[in-house]
Amino acid sequence: MTLNESFFSIQQVAPLWHSTLGIERETLRVQPDGTISSYPHRKDWGTRNHQPYIQTDFAESQVEIITPPEYTADHLMSWLKAAHQIVSEDIVEEQDLLWPFSMPACIPTDTTKIKIAQLTNQKEYAYREGLARLYGKHVQLISGIHYNFQLNPDVIEANYQQHGGQESFIDYHNETYMHLVRNYFRYRWFLTYFLGASPYVAENYSTNFYGKPHQIPMRSIRQSRYGYQNKETVVMDYTDLYSFVQTIEAALQRGDLHLEKELYRDVRLRGASPTRDLLKKGISYLEFRNIDINPYLPYGIDKETINFIRHFLISILFLEDDRQDNQVVEGHQMNYRIAEAHPLDACPFKEEALHIIQVMDRVNQELSLPYWPSKREYLIQALDQPELTLAGQIVTETPDSTDYLEMGLTLAQQHQQTMLEQPFLLHGFEDFELSTQDVLKEAIRRGIRVDIIDKQDNFLQLSYKDQQELVRNANMTRLDSLITYFSMENKVATKFILSQNNIRVPNGKNFNTFEAANAYYSLLPNTGLVIKPKNTNYGIGISIFVDKPNEKEYQESILLALAEDDTVIIEEYVKGTELRFYLQNHEVLGIVERQPAQVIGDGTSSIQQLIEKENQNPLRGVKHMAPMTTLELGSVEILQLKHQGLTVDSVPEAGQIVHLRENSNVSTGGISIDRTHDVHPSYIHLAQNAARALDAHFCGVDMIIEDYSVPADNHNYAIIEANYNPNITIHRHPGEGEPRLLGKAVLEELFPEAFS
């Protein structure tokens, strides 16, 4: 097998695989009966002018979901999952669904009901009105996958340095891309055969397909002559970039095109406007527009297909190119033949398909792609068994077009269920901590650009227009100082600052050694106490005793605290209800009651069995990855049970509450109940004073209150802790009560213009 290595050597396949990708997925919002939704594009999704992720296309009901450029299919799928989840959550109240096919199933006879996208840019709106007059609204409703591909620029640069010859770098760069363009046009039928998935369309799509002969079903109506096509007089020359520029300008002069972007071809050259500027600036990337939506997939495409298309694109770089436009014309005819064939017709170009697969084999020798062995076997089988192709599967399941609507609605409902699962997670970004996921979700929803700096540290850069903000762990921002962080991280310092401002805190002592803390036992009053490390989060190392512990329990708790920090705090136990106040800019935005990790007896199950049952709750999961944390049976829990005279094998009575911990942190299994509107204003004022004393912009204040419905005095409350990076999730997804949109509140303050 001879490869064409005039542009790239086969040894460059690995860096070519590291080319940049992007996906744009179009889809129609439809009602439960399949009719096009009449609801407007939601303002919550931001405006098209500044929304990089969720836009409208031609119609107000036509959603376009766009990923940022990425190097891996995994990352692209993360963005697709997140944006689809957000759209599905926001349209469910209108009972809208996302139509899973490229071709619509229902088109209103009265086309005035197809509302053109309501855009603030009047030129863009007028452009769409022009398209509707020229081509008809029905054809504008066709949706698909656009696959953006930028060749690794380092490889092009290296090749130019070695083989550039006399031409300029821009000319060399552009000719490299035009080689890919010509070969894509020539061989794209290969993708159409396997990925074509639009065999049916609404009966009133057009009158007999503009009078042209046709058959239904066909492999891909969208990619056929009956899809979205320019006038037959619009002929482009792809011999080289200069020829292309000349032909598009000529079409504009004749009036065959009104704007350059009206040109509808399966490949768009991106990087400059007008197109002539590409001659000086160079092609930035290519947009391949002929991928049908896979109706079986919730997001219209999956990781394997993304990699398959990339594999194909790199492989055709090594196929022969006669550098003439006749191969493009030949490719058009071959693609029409494949697209307009019955989905159960075998491939007429089997020999050429096998040759392409051979080249893909050779490319894979440099990459060892995990997906390829099984994919290769499928491709070869499907050449003789067209029922295995996407279109073949669809017509096998729905042999009559009357089943098309029912199939689409069933798939749309199934996909929506997938997108609405575990709403407390941002799909695709589940490995971020929950509070960061909440901020991420709201940023995508409002069109605030997200750049992930460090996933492990939940470190983001957020951008809107010309403004950038760094955010870590949801609410760590430039609005708080480093000394504020140290003041709240150090519980000794927190107590000192608050008491200096006449805010009550528990009385206590600090010790730096086990011996000193142990010697203090004989001086303890006969009351409850709390033993905790000086610096801790999530309740780690904290032991709480309602009554005075025995000496052994006391010693074990000191050792537990000293394992987390070199200073241990021993302070009075304050009786009452523990409330967490969430403050932003000294305003209380949420209050929750936090109850300790607990199980409730049923009279027959042991404590261990009750824990196992409760851990099956879908809201519980690994620490910081679900609204409630999985209950554990560690040393703290065993000690707490022992203090109650219980063991893991004890069987509590029906209705008996058994506390596994005294501390109420959600991160150690506790639950939260929203009390934002239940707390007396005097405690809100105290929380605000505490935040001001600590000079904290974002702050969590933990307060024990005897009765939060009566006014505060000097004895019925105490602030036990302040938190520099307060948890958003316990307010956003409380165990009981109204959710508080705190991630949105963070962004509203950082980017007020995005919410105006």
Under 4.0 Å between a side-chain nitrogen and a carboxylate oxygen: does that hold for Glu738 and Arg740? yes
Quick one about Ser756 and Glu753 (side-chain donor to acceptor, distance below 3.5 Å, no hydrogens or angles considered), yes or no? no
Under a 3.5 Å threshold, yes or no: a donor from one side chain and an acceptor from the other, between Thr72 and His75? yes
Within 6.0 angstrom of Gln118 CD, more than 12 heavy atoms from elsewhere: yes
Take Trp189 and Tyr336 through the test ring-ring contact (aromatic ring centres under 6.0 Å, His included) and record every step on the way to the result. CA-CA 8 Å; Trp189 66 262; Tyr336 284 150; over 10 Å; no
Which heavy-atom pair separates Lys441 from Leu425 by the least distance, and what is that distance? NZ-O, 3.8 Å
Please check this pair: side chain of Asp292 against backbone of Ala197, looking for a donor-acceptor N/O pair closer than 3.5 Å. yes
Is there a donor-acceptor pair closer than 3.5 Å between any side-chain N or O of Ser198 and the backbone N or O of Met103? no
Could you tell me whether the side chains of Glu469 and Gln467 share a donor-acceptor contact shorter than 3.5 Å? yes
Before you tell me yes or no, could you show the steps for Ile145 and Ile23 under side-chain contact (heavy atoms from CB on, under 4.5 Å), namely the whole-Å CA-CA distance, both residues' side-chain angles and the distance that decides it to 0.1 Å? CA-CA 7 Å; Ile145 301 287; Ile23 297 293; 4.2 Å; yes
Can you confirm whether Pro386 sits close enough to Cys347 that some side-chain heavy atom of one is under 4.5 Å from a side-chain heavy atom of the other? no
Output field: ring centroids Tyr200/Phe101 closer than 6.0 Å: no
Salt-bridged, Glu340 to Arg225, with N to O below 4.0 Å? yes
On a heavy-atom basis, the closest approach of Thr389 and Pro343 is OG1-O, 4.2 Å
For Ser435 versus Ile728, what's the shortest heavy-atom pair and its separation? OG-N, 2.9 Å
Does any part of the side chain of Leu462, heavy atoms only, come nearer than 4.5 Å to the side chain of Asp451, both counted from C-beta? no
For the backbone of Leu741 and the side chain of His731, can you confirm whether one donor and one acceptor N or O come within less than 3.5 Å of each other? no
Less than 4.0 Å between a side-chain N and a carboxylate O, is that true for Glu124 and Lys261? yes
Checking side-chain hydrogen bond (donor to acceptor under 3.5 Å, both in side chains) for the pair Glu433/Asn458: CA distance, chi angles, key distance, verdict? CA-CA 7 Å; Glu433 59 93 22; Asn458 295 279; 5.1 Å; no
Just by modelled atom types, is the Gln85 backbone N or O under 3.5 Å from a matching donor or acceptor in the Ser88 side chain? no
Is a side-chain donor or acceptor of Thr396 paired with a backbone partner of Gly392 at a separation under 3.5 angstrom? yes
Neighbour count above 12 (heavy atom, 6.0 Å) for Gln456 CD: no
For Thr111, give me all partners under side-chain hydrogen bond (donor to acceptor under 3.5 Å, both in side chains), at least two apart in sequence or on another chain. none
Specify whether Phe190 and Phe308 have parallel, tilted or perpendicular ring planes, treating 30° as the upper limit for parallel and 60° as the lower limit for perpendicular. tilted
Is there a donor-acceptor pair under 3.5 Å between the side chain of Gln385 and the backbone N or O of Leu388? no
Which residues pass the salt bridge (charged side-chain N to carboxylate O under 4.0 Å, His left out) test with Arg337, sequence neighbours left out? none
Within the distance-only criterion (no hydrogens, no angle test), does the side chain of Thr729 pair as donor or acceptor with the backbone N or O of Pro627 below 3.5 angstrom? no
Under 3.5 Å: donor-acceptor pair, side chain of Gln51, backbone of Tyr53: yes
Among side-chain atoms of Tyr371 and His311, is any donor-acceptor pair under 3.5 angstrom? yes
Under 3.5 Å, is there a donor-acceptor pair between the side chain of Asn230 and the main chain of Glu262? yes
Determine, stepwise, if the pair Lys375 / Tyr378 fulfils side-chain contact (heavy atoms from CB on, under 4.5 Å). CA-CA 5 Å; Lys375 187 70 172 181; Tyr378 158 77; 4.2 Å; yes
Ion pair present between Glu442 and Lys744, side-chain N to carboxylate O less than 4.0 angstrom? no
Taking only residues at least two apart or on different chains, which pairs with a member in residues 30-45 satisfy side-chain hydrogen bond (donor to acceptor under 3.5 Å, both in side chains)? Arg29-Ser37, Gln31-Asp96, Asp33-Thr35, Ser37-Asp96, Arg42-Asp44, Arg42-Glu94, Trp45-Asp90
Polar side chain donor-acceptor pair, Glu70 to Thr20, under 3.5 angstrom: no
Aromatic Phe149 / basic Arg310 pairing, under 6.0 angstrom, 45° off normal: no
Using only atom types and a distance under 3.5 Å, with no angle test, would you say the side chain of Glu430 pairs donor to acceptor with the backbone of Gly428? yes
Between Tyr147 and Ile306 the two heavy atoms that sit nearest each other are OH-O, 2.8 Å
Aromatic rings Tyr71 and His18: how do their planes relate, parallel, tilted or perpendicular, breaks at 30° and 60°? parallel
With a distance cut-off below 6.0 Å to the six-membered ring centre and an angular limit of 45° from the axis, does Lys137 pair with Phe58 as a cation-pi contact? no
What is the ring orientation for Phe288 with Tyr184, classed by angle as parallel under 30°, tilted 30 to 60°, or perpendicular over 60°? tilted
Tell me whether the count of non-hydrogen atoms from other residues, nucleotides or ligands lying under 6.0 Å of CZ in Arg449 goes above 12. no
Restricting to non-hydrogen atoms, name the atom on Phe751 and the atom on Tyr464 that form the minimum distance, rounded to 0.1 Å. CD2-CB, 3.5 Å
